[in-house]
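Here is how names work: the chains are called A, B, and so on, in the same order as the sequence lines, proteins then strands, and each is numbered from 1. Bear in mind that the values here come from a model prediction, so they are computed numbers and not experimental data.
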Number of protein chains: 2
Amino acid sequence: MSQSFTEENYLKHIYKLSKRSEKGVSTNALAERLETKASSVTDMIKKLAAKKLVDYKKYQGVTLTKKGQKIAVDIIRKHRLWEVFLLEHLGFGGEEVHDVAEELEHINSETLIDRLDKFLGHPKYDPHGGPIPNSEGVFPEPKRVKLDELEVGRKTKVMGITEHSDAFLTHLKKLGLELGAEFDLKERFDFDRSVEIELNDKTIQLSHDVAKNIFVSYNS
Amino acid sequence: MSQSFTEENYLKHIYKLSKRSEKGVSTNALAERLETKASSVTDMIKKLAAKKLVDYKKYQGVTLTKKGQKIAVDIIRKHRLWEVFLLEHLGFGGEEVHDVAEELEHINSETLIDRLDKFLGHPKYDPHGGPIPNSEGVFPEPKRVKLDELEVGRKTKVMGITEHSDAFLTHLKKLGLELGAEFDLKERFDFDRSVEIELNDKTIQLSHDVAKNIFVSYNS
DNA sequence: ATACATTTTTAGACTTGTCTAAATTTCATT
DNA sequence: AATGAAATTTAGACAAGTCTAAAAATGTAT
(Lines give C-alpha, C1' and ligand atoms only; values in the text may rest on other atoms or scores of the structure.)
Protein backbone atom coordinates (compact mmCIF):
# COMPACT_ATOMS: atom_id res chain seq x y z
CA MET A 1 0.00 0.00 0.00
CA SER A 2 1.27 3.41 -0.94
CA GLN A 3 0.53 6.93 0.23
CA SER A 4 0.18 10.16 -1.63
CA PHE A 5 2.26 13.20 -0.83
CA THR A 6 -0.81 14.69 0.85
CA GLU A 7 -1.59 11.66 2.97
CA GLU A 8 2.02 11.55 4.14
CA ASN A 9 1.79 15.16 5.20
CA TYR A 10 -1.32 14.55 7.23
CA LEU A 11 0.32 11.59 8.96
CA LYS A 12 3.44 13.57 9.73
CA HIS A 13 1.52 16.42 11.29
CA ILE A 14 -0.78 14.14 13.25
CA TYR A 15 2.35 12.55 14.65
CA LYS A 16 3.90 15.86 15.60
CA LEU A 17 0.71 17.20 17.19
CA SER A 18 0.20 13.96 19.13
CA LYS A 19 3.55 14.32 20.85
CA ARG A 20 2.45 17.13 23.13
CA SER A 21 -1.07 16.24 24.05
CA GLU A 22 -1.76 12.57 24.86
CA LYS A 23 -5.32 13.07 23.58
CA GLY A 24 -6.26 12.58 19.96
CA VAL A 25 -5.41 15.42 17.58
CA SER A 26 -8.30 17.80 16.94
CA THR A 27 -9.59 18.56 13.48
CA ASN A 28 -9.07 22.28 13.94
CA ALA A 29 -5.49 21.90 15.15
CA LEU A 30 -4.67 19.86 12.06
CA ALA A 31 -6.44 22.28 9.78
CA GLU A 32 -4.42 25.17 11.16
CA ARG A 33 -1.14 23.27 10.90
CA LEU A 34 -1.82 22.20 7.36
CA GLU A 35 -3.20 25.58 6.32
CA THR A 36 -6.42 24.06 5.12
CA LYS A 37 -10.05 23.93 6.23
CA ALA A 38 -11.55 21.73 8.92
CA SER A 39 -13.91 20.13 6.43
CA SER A 40 -11.02 19.05 4.25
CA VAL A 41 -9.33 17.55 7.27
CA THR A 42 -12.41 15.54 8.16
CA ASP A 43 -12.55 14.13 4.64
CA MET A 44 -8.91 13.13 4.67
CA ILE A 45 -9.11 11.60 8.12
CA LYS A 46 -11.90 9.37 6.94
CA LYS A 47 -9.76 8.22 4.10
CA LEU A 48 -6.81 7.52 6.36
CA ALA A 49 -9.09 5.65 8.76
CA ALA A 50 -10.33 3.49 5.89
CA LYS A 51 -6.70 2.64 5.16
CA LYS A 52 -6.16 1.78 8.85
CA LEU A 53 -3.52 4.46 9.23
CA VAL A 54 -5.41 6.34 11.95
CA ASP A 55 -8.00 5.57 14.60
CA TYR A 56 -10.94 7.89 14.37
CA LYS A 57 -14.27 8.35 16.10
CA LYS A 58 -16.43 11.24 15.04
CA TYR A 59 -15.88 14.39 17.09
CA GLN A 60 -13.16 12.66 19.13
CA GLY A 61 -10.01 13.55 17.21
CA VAL A 62 -7.48 11.20 15.58
CA THR A 63 -4.55 9.12 16.68
CA LEU A 64 -2.13 7.15 14.54
CA THR A 65 -2.23 3.38 14.32
CA LYS A 66 1.03 1.42 14.37
CA LYS A 67 1.07 1.50 10.60
CA GLY A 68 0.42 5.21 10.46
CA GLN A 69 3.06 5.88 13.03
CA LYS A 70 5.65 3.94 11.08
CA ILE A 71 4.98 6.00 7.99
CA ALA A 72 5.16 9.26 9.95
CA VAL A 73 8.43 8.28 11.59
CA ASP A 74 9.85 7.28 8.21
CA ILE A 75 9.08 10.73 6.88
CA ILE A 76 10.78 12.34 9.85
CA ARG A 77 13.79 10.14 9.19
CA LYS A 78 13.93 11.25 5.59
CA HIS A 79 13.41 14.89 6.48
CA ARG A 80 16.23 14.93 8.99
CA LEU A 81 18.66 13.00 6.83
CA TRP A 82 18.09 15.47 4.02
CA GLU A 83 18.59 18.33 6.44
CA VAL A 84 21.96 16.91 7.40
CA PHE A 85 22.89 16.71 3.74
CA LEU A 86 21.71 20.21 2.91
CA LEU A 87 23.38 21.83 5.90
CA GLU A 88 26.62 19.89 6.08
CA HIS A 89 27.33 19.14 2.45
CA LEU A 90 25.57 21.73 0.34
CA GLY A 91 26.26 24.65 2.66
CA PHE A 92 22.67 25.68 3.21
CA GLY A 93 21.92 28.13 6.00
CA GLY A 94 19.61 27.31 8.87
CA GLU A 95 16.36 28.73 7.55
CA GLU A 96 16.57 27.93 3.85
CA VAL A 97 16.71 24.28 4.60
CA HIS A 98 13.24 23.59 5.82
CA ASP A 99 11.11 24.10 2.71
CA VAL A 100 13.46 22.06 0.56
CA ALA A 101 13.62 19.20 3.06
CA GLU A 102 9.83 19.35 3.15
CA GLU A 103 9.81 18.39 -0.51
CA LEU A 104 12.65 15.91 -0.40
CA GLU A 105 11.11 13.96 2.46
CA HIS A 106 8.42 12.66 0.14
CA ILE A 107 10.75 11.05 -2.36
CA ASN A 108 10.00 7.36 -2.15
CA SER A 109 13.04 5.15 -2.42
CA GLU A 110 14.37 2.97 0.33
CA THR A 111 17.59 2.53 -1.58
CA LEU A 112 18.04 6.26 -1.80
CA ILE A 113 17.56 6.79 1.91
CA ASP A 114 19.77 3.88 2.89
CA ARG A 115 22.56 5.14 0.68
CA LEU A 116 22.12 8.72 1.79
CA ASP A 117 22.25 7.59 5.41
CA LYS A 118 25.49 5.74 4.71
CA PHE A 119 26.95 8.67 2.78
CA LEU A 120 26.24 10.94 5.74
CA GLY A 121 27.88 8.48 8.14
CA HIS A 122 24.68 7.25 9.82
CA PRO A 123 24.06 10.43 11.78
CA LYS A 124 21.94 10.09 14.92
CA TYR A 125 20.89 13.71 15.14
CA ASP A 126 20.24 16.46 12.66
CA PRO A 127 22.04 19.81 12.94
CA HIS A 128 19.16 21.20 15.02
CA GLY A 129 19.57 18.35 17.50
CA GLY A 130 16.55 16.45 16.24
CA PRO A 131 17.00 12.71 16.73
CA ILE A 132 16.98 10.63 13.55
CA PRO A 133 15.11 7.33 13.81
CA ASN A 134 16.72 4.30 12.17
CA SER A 135 15.08 2.41 9.33
CA GLU A 136 13.09 0.36 11.84
CA GLY A 137 11.62 3.58 13.22
CA VAL A 138 13.56 3.49 16.48
CA PHE A 139 14.86 6.82 17.78
CA PRO A 140 18.34 6.97 19.29
CA GLU A 141 18.54 7.04 23.08
CA PRO A 142 18.83 10.61 24.25
CA LYS A 143 21.92 11.31 26.30
CA ARG A 144 21.48 11.68 30.02
CA VAL A 145 23.47 13.78 32.38
CA LYS A 146 23.05 15.64 35.65
CA LEU A 147 22.01 19.23 35.17
CA ASP A 148 25.17 20.48 36.89
CA GLU A 149 27.26 18.87 34.13
CA LEU A 150 25.17 19.92 31.15
CA GLU A 151 26.70 22.08 28.47
CA VAL A 152 25.34 25.65 28.43
CA GLY A 153 22.96 26.38 25.56
CA ARG A 154 21.30 22.97 25.38
CA LYS A 155 17.61 22.25 25.17
CA THR A 156 16.78 19.52 27.67
CA LYS A 157 14.08 17.61 29.42
CA VAL A 158 13.73 16.53 33.06
CA MET A 159 14.17 12.76 33.18
CA GLY A 160 14.56 12.07 36.90
CA ILE A 161 15.83 13.21 40.28
CA THR A 162 18.32 11.75 42.74
CA GLU A 163 16.88 13.33 45.89
CA HIS A 164 13.43 12.47 47.12
CA SER A 165 12.79 14.57 50.20
CA ASP A 166 9.43 16.32 50.46
CA ALA A 167 11.19 19.64 50.66
CA PHE A 168 12.95 19.05 47.33
CA LEU A 169 9.86 17.70 45.63
CA THR A 170 7.65 20.63 46.59
CA HIS A 171 10.40 23.03 45.59
CA LEU A 172 10.57 21.51 42.14
CA LYS A 173 6.82 21.44 41.81
CA LYS A 174 6.63 25.13 42.62
CA LEU A 175 9.23 25.91 39.96
CA GLY A 176 7.38 23.83 37.41
CA LEU A 177 10.28 21.42 37.02
CA GLU A 178 8.26 18.26 36.91
CA LEU A 179 9.14 15.04 35.15
CA GLY A 180 9.12 15.66 31.42
CA ALA A 181 9.37 19.46 31.68
CA GLU A 182 11.47 20.94 28.88
CA PHE A 183 13.77 23.91 29.27
CA ASP A 184 16.94 25.56 27.98
CA LEU A 185 20.13 25.90 29.99
CA LYS A 186 21.05 29.56 29.53
CA GLU A 187 24.05 30.14 31.75
CA ARG A 188 26.23 28.71 34.50
CA PHE A 189 27.86 30.95 37.11
CA ASP A 190 31.26 29.61 38.05
CA PHE A 191 31.57 31.17 41.51
CA ASP A 192 28.74 29.11 43.01
CA ARG A 193 27.96 26.74 40.12
CA SER A 194 24.35 27.94 40.08
CA VAL A 195 22.56 27.88 36.72
CA GLU A 196 20.00 29.93 34.89
CA ILE A 197 17.36 28.16 32.86
CA GLU A 198 14.45 29.22 30.71
CA LEU A 199 11.24 27.25 31.25
CA ASN A 200 7.94 28.22 29.63
CA ASP A 201 9.32 31.68 28.81
CA LYS A 202 10.32 32.26 32.42
CA THR A 203 13.90 32.68 33.55
CA ILE A 204 14.74 30.73 36.70
CA GLN A 205 17.88 30.49 38.85
CA LEU A 206 18.82 27.14 40.36
CA SER A 207 21.50 26.56 42.98
CA HIS A 208 24.11 23.89 42.46
CA ASP A 209 22.42 21.84 45.18
CA VAL A 210 19.29 21.71 43.07
CA ALA A 211 21.04 21.22 39.73
CA LYS A 212 23.16 18.30 40.88
CA ASN A 213 20.04 16.34 41.80
CA ILE A 214 18.25 16.64 38.49
CA PHE A 215 18.79 14.21 35.63
CA VAL A 216 18.18 15.67 32.22
CA SER A 217 18.32 14.25 28.72
CA TYR A 218 19.35 15.96 25.52
CA ASN A 219 19.71 15.13 21.88
CA SER A 220 22.79 15.19 19.61
CA MET B 1 3.68 30.97 -13.02
CA SER B 2 4.30 27.51 -11.71
CA GLN B 3 3.92 24.00 -13.14
CA SER B 4 2.65 20.83 -11.64
CA PHE B 5 4.70 17.67 -11.53
CA THR B 6 2.54 16.34 -14.36
CA GLU B 7 2.87 19.38 -16.57
CA GLU B 8 6.63 19.27 -16.15
CA ASN B 9 6.66 15.67 -17.25
CA TYR B 10 4.71 16.45 -20.36
CA LEU B 11 7.09 19.28 -21.22
CA LYS B 12 10.13 17.11 -20.67
CA HIS B 13 8.87 14.36 -22.91
CA ILE B 14 7.71 16.73 -25.60
CA TYR B 15 11.24 18.12 -25.58
CA LYS B 16 12.84 14.71 -25.85
CA LEU B 17 10.53 13.57 -28.61
CA SER B 18 11.06 16.79 -30.56
CA LYS B 19 14.79 16.23 -30.73
CA ARG B 20 14.63 13.47 -33.31
CA SER B 21 11.81 14.54 -35.55
CA GLU B 22 11.73 18.24 -36.50
CA LYS B 23 7.95 17.98 -36.84
CA GLY B 24 5.59 18.58 -33.94
CA VAL B 25 5.24 15.72 -31.49
CA SER B 26 2.23 13.51 -32.13
CA THR B 27 -0.43 12.86 -29.55
CA ASN B 28 0.03 9.12 -29.78
CA ALA B 29 3.80 9.26 -29.41
CA LEU B 30 3.38 11.28 -26.24
CA ALA B 31 0.68 8.99 -24.92
CA GLU B 32 2.91 5.98 -25.38
CA ARG B 33 5.90 7.68 -23.78
CA LEU B 34 3.88 8.84 -20.79
CA GLU B 35 2.01 5.56 -20.48
CA THR B 36 -1.33 7.28 -20.72
CA LYS B 37 -4.15 7.62 -23.25
CA ALA B 38 -4.26 9.86 -26.26
CA SER B 39 -7.35 11.62 -24.96
CA SER B 40 -5.56 12.55 -21.76
CA VAL B 41 -2.70 13.93 -23.79
CA THR B 42 -5.02 16.10 -25.83
CA ASP B 43 -6.52 17.53 -22.66
CA MET B 44 -3.16 18.33 -21.17
CA ILE B 45 -1.83 19.82 -24.37
CA LYS B 46 -4.73 22.23 -24.41
CA LYS B 47 -3.90 23.30 -20.92
CA LEU B 48 -0.23 23.79 -21.75
CA ALA B 49 -1.22 25.76 -24.84
CA ALA B 50 -3.41 28.02 -22.70
CA LYS B 51 -0.36 28.68 -20.55
CA LYS B 52 1.72 29.45 -23.66
CA LEU B 53 4.11 26.63 -22.96
CA VAL B 54 3.40 24.82 -26.23
CA ASP B 55 2.19 25.72 -29.69
CA TYR B 56 -0.71 23.58 -30.71
CA LYS B 57 -3.03 23.31 -33.68
CA LYS B 58 -5.59 20.56 -33.64
CA TYR B 59 -4.43 17.37 -35.34
CA GLN B 60 -1.01 18.92 -36.02
CA GLY B 61 1.00 17.85 -33.00
CA VAL B 62 2.76 20.07 -30.46
CA THR B 63 6.00 21.96 -30.23
CA LEU B 64 7.42 23.80 -27.25
CA THR B 65 7.45 27.56 -27.03
CA LYS B 66 10.56 29.33 -25.72
CA LYS B 67 9.03 29.29 -22.26
CA GLY B 68 8.15 25.63 -22.45
CA GLN B 69 11.59 24.77 -23.73
CA LYS B 70 13.28 26.56 -20.87
CA ILE B 71 11.26 24.59 -18.36
CA ALA B 72 12.03 21.30 -20.11
CA VAL B 73 15.74 22.03 -20.25
CA ASP B 74 15.73 22.99 -16.58
CA ILE B 75 14.26 19.62 -15.73
CA ILE B 76 16.90 17.85 -17.76
CA ARG B 77 19.53 19.87 -15.93
CA LYS B 78 18.10 18.80 -12.59
CA HIS B 79 17.74 15.20 -13.66
CA ARG B 80 21.35 14.93 -14.79
CA LEU B 81 22.80 16.73 -11.82
CA TRP B 82 20.95 14.36 -9.52
CA GLU B 83 22.22 11.42 -11.55
CA VAL B 84 25.77 12.60 -11.06
CA PHE B 85 25.13 12.80 -7.35
CA LEU B 86 23.49 9.40 -7.11
CA LEU B 87 26.12 7.61 -9.16
CA GLU B 88 29.26 9.35 -8.01
CA HIS B 89 28.48 10.11 -4.39
CA LEU B 90 25.85 7.67 -3.22
CA GLY B 91 27.23 4.69 -5.09
CA PHE B 92 24.12 3.89 -7.07
CA GLY B 93 24.41 1.43 -9.93
CA GLY B 94 23.48 2.33 -13.48
CA GLU B 95 19.91 1.14 -13.57
CA GLU B 96 18.66 2.03 -10.11
CA VAL B 97 19.35 5.65 -10.72
CA HIS B 98 16.73 6.54 -13.23
CA ASP B 99 13.50 6.22 -11.27
CA VAL B 100 14.90 8.13 -8.34
CA ALA B 101 16.26 10.93 -10.50
CA GLU B 102 12.84 11.04 -12.14
CA GLU B 103 11.38 12.05 -8.80
CA LEU B 104 14.18 14.34 -7.71
CA GLU B 105 14.07 16.34 -10.94
CA HIS B 106 10.74 17.84 -9.89
CA ILE B 107 11.95 19.33 -6.65
CA ASN B 108 11.60 23.05 -7.07
CA SER B 109 14.40 25.06 -5.59
CA GLU B 110 16.87 27.12 -7.53
CA THR B 111 19.05 27.39 -4.46
CA LEU B 112 19.13 23.63 -4.13
CA ILE B 113 20.19 23.08 -7.71
CA ASP B 114 22.79 25.83 -7.68
CA ARG B 115 24.34 24.41 -4.55
CA LEU B 116 24.17 20.86 -5.79
CA ASP B 117 25.84 21.92 -9.02
CA LYS B 118 28.62 23.56 -7.04
CA PHE B 119 28.96 20.56 -4.73
CA LEU B 120 29.38 18.31 -7.75
CA GLY B 121 32.02 20.61 -9.24
CA HIS B 122 29.86 22.04 -12.06
CA PRO B 123 29.89 18.85 -14.13
CA LYS B 124 29.27 19.26 -17.86
CA TYR B 125 28.21 15.68 -18.52
CA ASP B 126 26.41 13.04 -16.51
CA PRO B 127 27.92 9.56 -16.12
CA HIS B 128 25.99 8.29 -19.14
CA GLY B 129 27.55 11.02 -21.24
CA GLY B 130 24.46 13.23 -21.26
CA PRO B 131 25.39 16.91 -21.50
CA ILE B 132 24.20 19.06 -18.59
CA PRO B 133 22.80 22.47 -19.55
CA ASN B 134 23.82 25.42 -17.38
CA SER B 135 21.30 27.47 -15.44
CA GLU B 136 20.63 29.59 -18.53
CA GLY B 137 19.65 26.45 -20.40
CA VAL B 138 22.77 26.34 -22.59
CA PHE B 139 24.24 22.90 -23.29
CA PRO B 140 28.02 22.40 -23.33
CA GLU B 141 29.64 21.84 -26.68
CA PRO B 142 29.23 18.18 -27.60
CA LYS B 143 32.82 17.00 -27.98
CA ARG B 144 31.72 13.63 -26.88
CA VAL B 145 30.96 10.51 -28.82
CA LYS B 146 30.68 6.77 -28.41
CA LEU B 147 33.93 4.94 -29.11
CA ASP B 148 32.41 3.06 -32.02
CA GLU B 149 31.82 6.38 -33.81
CA LEU B 150 35.10 8.06 -33.00
CA GLU B 151 37.40 9.17 -35.77
CA VAL B 152 40.52 6.98 -36.06
CA GLY B 153 43.70 8.65 -34.84
CA ARG B 154 42.24 10.66 -32.01
CA LYS B 155 43.54 10.92 -28.47
CA THR B 156 40.63 10.42 -26.13
CA LYS B 157 39.53 9.87 -22.60
CA VAL B 158 36.90 7.57 -21.08
CA MET B 159 34.05 9.76 -19.92
CA GLY B 160 31.29 7.28 -19.23
CA ILE B 161 29.72 3.99 -20.07
CA THR B 162 26.23 3.00 -21.12
CA GLU B 163 26.28 -0.54 -19.82
CA HIS B 164 26.57 -1.28 -16.14
CA SER B 165 26.53 -5.05 -15.83
CA ASP B 166 29.12 -6.56 -13.53
CA ALA B 167 30.55 -8.56 -16.40
CA PHE B 168 31.17 -5.43 -18.44
CA LEU B 169 32.58 -3.49 -15.52
CA THR B 170 35.09 -6.18 -14.56
CA HIS B 171 36.04 -6.57 -18.19
CA LEU B 172 36.82 -2.87 -18.46
CA LYS B 173 38.68 -2.89 -15.19
CA LYS B 174 40.85 -5.73 -16.37
CA LEU B 175 41.66 -3.84 -19.56
CA GLY B 176 42.46 -0.73 -17.56
CA LEU B 177 39.69 1.20 -19.26
CA GLU B 178 38.41 2.99 -16.18
CA LEU B 179 36.75 6.36 -15.99
CA GLY B 180 39.29 8.97 -16.97
CA ALA B 181 41.68 6.54 -18.69
CA GLU B 182 43.34 8.10 -21.74
CA PHE B 183 44.17 6.30 -24.93
CA ASP B 184 44.55 6.65 -28.68
CA LEU B 185 42.25 5.11 -31.26
CA LYS B 186 44.64 3.44 -33.68
CA GLU B 187 42.50 1.55 -36.10
CA ARG B 188 38.99 0.31 -36.86
CA PHE B 189 38.37 -3.00 -38.65
CA ASP B 190 35.39 -2.71 -40.92
CA PHE B 191 34.45 -6.39 -41.13
CA ASP B 192 33.41 -6.61 -37.47
CA ARG B 193 33.69 -2.97 -36.40
CA SER B 194 36.18 -3.93 -33.71
CA VAL B 195 38.82 -1.32 -32.81
CA GLU B 196 42.44 -1.23 -31.76
CA ILE B 197 43.53 1.24 -29.14
CA GLU B 198 46.77 2.09 -27.44
CA LEU B 199 46.53 2.51 -23.67
CA ASN B 200 49.56 2.95 -21.42
CA ASP B 201 51.84 1.76 -24.23
CA LYS B 202 49.80 -1.40 -24.67
CA THR B 203 47.84 -2.26 -27.76
CA ILE B 204 44.36 -3.61 -27.08
CA GLN B 205 41.58 -4.95 -29.30
CA LEU B 206 37.99 -4.11 -28.44
CA SER B 207 34.92 -5.69 -30.03
CA HIS B 208 32.15 -3.48 -31.32
CA ASP B 209 30.00 -4.61 -28.40
CA VAL B 210 32.51 -3.09 -26.04
CA ALA B 211 33.24 0.00 -28.11
CA LYS B 212 29.62 0.98 -28.51
CA ASN B 213 29.15 1.16 -24.76
CA ILE B 214 32.01 3.51 -24.03
CA PHE B 215 31.63 7.27 -24.18
CA VAL B 216 34.81 9.10 -24.96
CA SER B 217 35.62 12.79 -25.17
CA TYR B 218 38.18 14.55 -27.28
CA ASN B 219 39.55 18.06 -27.55
CA SER B 220 38.81 20.61 -30.28
C1' DA C 1 -29.78 22.26 33.11
C1' DT C 2 -30.57 25.29 29.51
C1' DA C 3 -28.94 28.36 26.14
C1' DC C 4 -25.12 30.05 23.46
C1' DA C 5 -20.62 29.54 21.34
C1' DT C 6 -17.33 26.60 19.40
C1' DT C 7 -15.97 22.55 17.08
C1' DT C 8 -16.82 19.14 13.87
C1' DT C 9 -19.21 16.94 10.25
C1' DT C 10 -22.10 16.73 6.09
C1' DA C 11 -23.68 18.06 1.57
C1' DG C 12 -22.77 19.73 -2.69
C1' DA C 13 -19.58 21.91 -5.83
C1' DC C 14 -15.04 22.73 -8.17
C1' DT C 15 -10.22 21.58 -10.11
C1' DT C 16 -6.74 18.45 -11.81
C1' DG C 17 -5.72 14.70 -14.31
C1' DT C 18 -7.36 10.57 -15.84
C1' DC C 19 -10.42 7.22 -18.48
C1' DT C 20 -13.85 5.00 -22.10
C1' DA C 21 -16.58 5.38 -25.94
C1' DA C 22 -18.04 7.85 -29.73
C1' DA C 23 -17.25 11.35 -33.27
C1' DT C 24 -14.16 13.64 -36.31
C1' DT C 25 -10.12 14.48 -39.07
C1' DT C 26 -6.14 13.01 -41.57
C1' DC C 27 -3.58 9.64 -44.15
C1' DA C 28 -2.76 6.00 -47.41
C1' DT C 29 -4.30 3.25 -51.09
C1' DT C 30 -6.40 2.25 -54.84
C1' DA D 1 -11.22 11.27 -55.85
C1' DA D 2 -13.19 7.82 -52.76
C1' DT D 3 -12.80 4.89 -49.00
C1' DG D 4 -11.20 2.44 -45.19
C1' DA D 5 -7.74 2.64 -41.49
C1' DA D 6 -5.31 5.18 -38.21
C1' DA D 7 -4.82 9.13 -35.42
C1' DT D 8 -6.92 12.64 -32.87
C1' DT D 9 -10.42 15.09 -30.50
C1' DT D 10 -14.80 15.54 -27.94
C1' DA D 11 -18.14 14.28 -24.53
C1' DG D 12 -19.17 12.58 -20.31
C1' DA D 13 -17.62 10.24 -16.16
C1' DC D 14 -14.61 9.37 -12.21
C1' DA D 15 -11.08 9.77 -8.10
C1' DA D 16 -8.37 12.87 -5.23
C1' DG D 17 -8.31 16.78 -2.64
C1' DT D 18 -10.15 21.04 -1.67
C1' DC D 19 -13.79 24.61 -0.64
C1' DT D 20 -18.29 27.06 1.20
C1' DA D 21 -22.40 26.94 3.61
C1' DA D 22 -25.37 24.64 6.50
C1' DA D 23 -26.39 21.06 10.03
C1' DA D 24 -25.13 18.45 14.10
C1' DA D 25 -22.52 17.59 18.21
C1' DT D 26 -19.93 19.16 22.05
C1' DG D 27 -18.49 22.37 25.63
C1' DT D 28 -19.33 26.19 28.78
C1' DA D 29 -21.61 29.55 31.07
C1' DT D 30 -24.76 31.17 34.38
Side-chain angles (χ1 to χ4, degrees), chain A residues 1-14 17-18 20-64 68 71-72 75 102-103 105-106 108, chain B residues 1-14 17-18 20-64 68 71-72 75 102-103 105-106 108:
Chain A
M1 194 162 299
S2 163
Q3 291 69 48
S4 71
F5 186 108
T6 311
E7 288 171 337
E8 287 182 354
N9 254 326
Y10 271 84
L11 294 173
K12 180 179 75 169
H13 283 106
I14 293 168
L17 289 169
S18 302
R20 286 271 177 193
S21 61
E22 288 298 313
K23 293 277 169 191
V25 175
S26 79
T27 303
N28 265 3
L30 255 177
E32 192 183 342
R33 194 61 106 74
L34 292 160
E35 296 181 308
T36 183
K37 301 295 175 188
S39 54
S40 308
V41 171
T42 302
D43 288 347
M44 179 55 84
I45 286 171
K46 284 193 213 160
K47 200 203 296 190
L48 294 174
K51 287 188 170 191
K52 310 271 189 204
L53 299 175
V54 300
D55 288 320
Y56 170 60
K57 292 232 173 77
K58 275 189 194 176
Y59 298 100
Q60 303 312 133
V62 258
T63 51
L64 295 176
I71 294 166
I75 291 165
E102 206 87 343
E103 293 201 51
E105 74 191 9
H106 298 289
N108 279 314
Chain B
M1 193 160 300
S2 162
Q3 290 71 48
S4 70
F5 186 107
T6 311
E7 288 171 337
E8 288 183 354
N9 255 326
Y10 272 85
L11 295 173
K12 181 179 75 170
H13 284 107
I14 292 167
L17 289 169
S18 301
R20 285 274 176 193
S21 61
E22 288 299 314
K23 292 277 167 189
V25 174
S26 80
T27 303
N28 265 3
L30 255 177
E32 191 183 345
R33 194 59 108 75
L34 291 160
E35 295 181 307
T36 185
K37 301 295 173 189
S39 55
S40 309
V41 171
T42 302
D43 288 346
M44 178 56 84
I45 285 172
K46 285 193 212 159
K47 199 204 296 190
L48 294 174
K51 288 188 168 189
K52 311 268 190 205
L53 299 175
V54 300
D55 289 320
Y56 169 60
K57 292 233 172 78
K58 275 189 195 179
Y59 298 98
Q60 303 313 133
V62 257
T63 51
L64 295 175
I71 293 166
I75 291 165
E102 205 87 343
E103 294 201 49
E105 74 191 8
H106 298 288
N108 279 314

Original post:
OP1 or OP2 of C:dT10 less than 4.0 angstrom from a side-chain nitrogen or oxygen of A:K58, does that happen here?
Top reply: yes
Subject >> From C:dT18, C:dT10, C:dT8, nucleotide with atom closest to A:T27 side chain >> reply: C:dT8
Original post:
Would you call A:V62 and A:L48 a side-chain contact if the rule is heavy atoms closer than 4.5 Å?
Top reply: no
Original post:
Between B:G61 and B:Y56, what is the shortest heavy-atom contact and its length?
Top reply: O-CD1, 4.0 Å
Original post:
What's the CZ-P distance between A:F5 and D:dT18, to the nearest Å?
Top reply: 11 Å
Subject >> Closest-nucleotide ordering on DNA chain D, the 5'-leading residue of A:Y59 and A:Y10 >> reply: A:Y10
Subject >> Residues forming a side-chain hydrogen bond (donor to acceptor under 3.5 Å, both in side chains) with B:N108, sequence neighbours excluded >> reply: B:K78
**OP:** Give me the residues of residues 28-42 of chain B where at least one heavy atom lies under 4.0 Å from an atom of DNA chain D, by number, or none.
**Re:** B:N28, B:A38, B:S39, B:T42
Subject >> Whole-Å distance separating the CG atom of B:L48 from the C1' atom of C:dT16 >> reply: 13 Å
Original post:
Can you name the residues that form a side-chain contact (heavy atoms from CB on, under 4.5 Å) with A:S18, not counting sequence neighbours?
Top reply: A:I14, A:V25
Original post:
Whole-Å distance between D:dA16 C1' and A:E7 CD?
Top reply: 9 Å
Taking only distance into account, with no hydrogens and no angle test, what donor-acceptor pairs under 3.5 Å do side-chain atoms of residues 2-13 of chain A form with protein atoms, sequence neighbours excluded?
from  : atom 1 : to     : atom 2 : distance (Å)
A:S4  : OG     : A:T6   : N      : 3.4
A:S4  : OG     : A:E7   : N      : 3.1
A:E7  : OE1    : A:S4   : N      : 2.9
A:E7  : OE1    : A:K51  : NZ     : 3.0
A:E7  : OE2    : A:K51  : NZ     : 3.1
A:E8  : OE1    : A:H106 : ND1    : 2.7
A:K12 : NZ     : A:E102 : OE2    : 3.2
A:K12 : NZ     : A:E105 : OE1    : 3.4
A:K12 : NZ     : A:E105 : OE2    : 2.7
A:H13 : ND1    : A:N9   : O      : 3.1

Original post:
A:K23 NZ to C:dT7 C1': how many Å, rounded?
Top reply: 16 Å
Original post:
Below 4.0 angstrom from OP1 or OP2 of D:dT9, is there any side-chain N or O of B:Y56?
Top reply: yes
**OP:** State which residues pass side-chain contact (heavy atoms from CB on, under 4.5 Å) with A:K37; sequence neighbours excluded, sorted by chain then number.
**Re:** A:S39, A:S40
Original post:
Think A:K46 has a side-chain N or O under 4.0 angstrom from the OP1 or OP2 of C:dT10?
Top reply: yes
Original post:
How long is the line joining CG of A:D43 and P of D:dC19, in whole Å?
Top reply: 10 Å
**OP:** Take the protein atom CG of A:N9 and the nucleotide atom P of D:dA16, then report the distance between them rounded to whole Å.
**Re:** 18 Å
**OP:** Provide, to the nearest angstrom, the distance between the CD atom belonging to B:Q3 and the P atom belonging to C:dT15.
**Re:** 20 Å
Subject >> Euclidean distance, atom CD1 of residue B:I45 to atom P of D:dA7 [Å, nearest integer] >> reply: 15 Å
Subject >> Residue list, side-chain contact (heavy atoms from CB on, under 4.5 Å) with A:T63, at least two apart or on another chain >> reply: A:D55
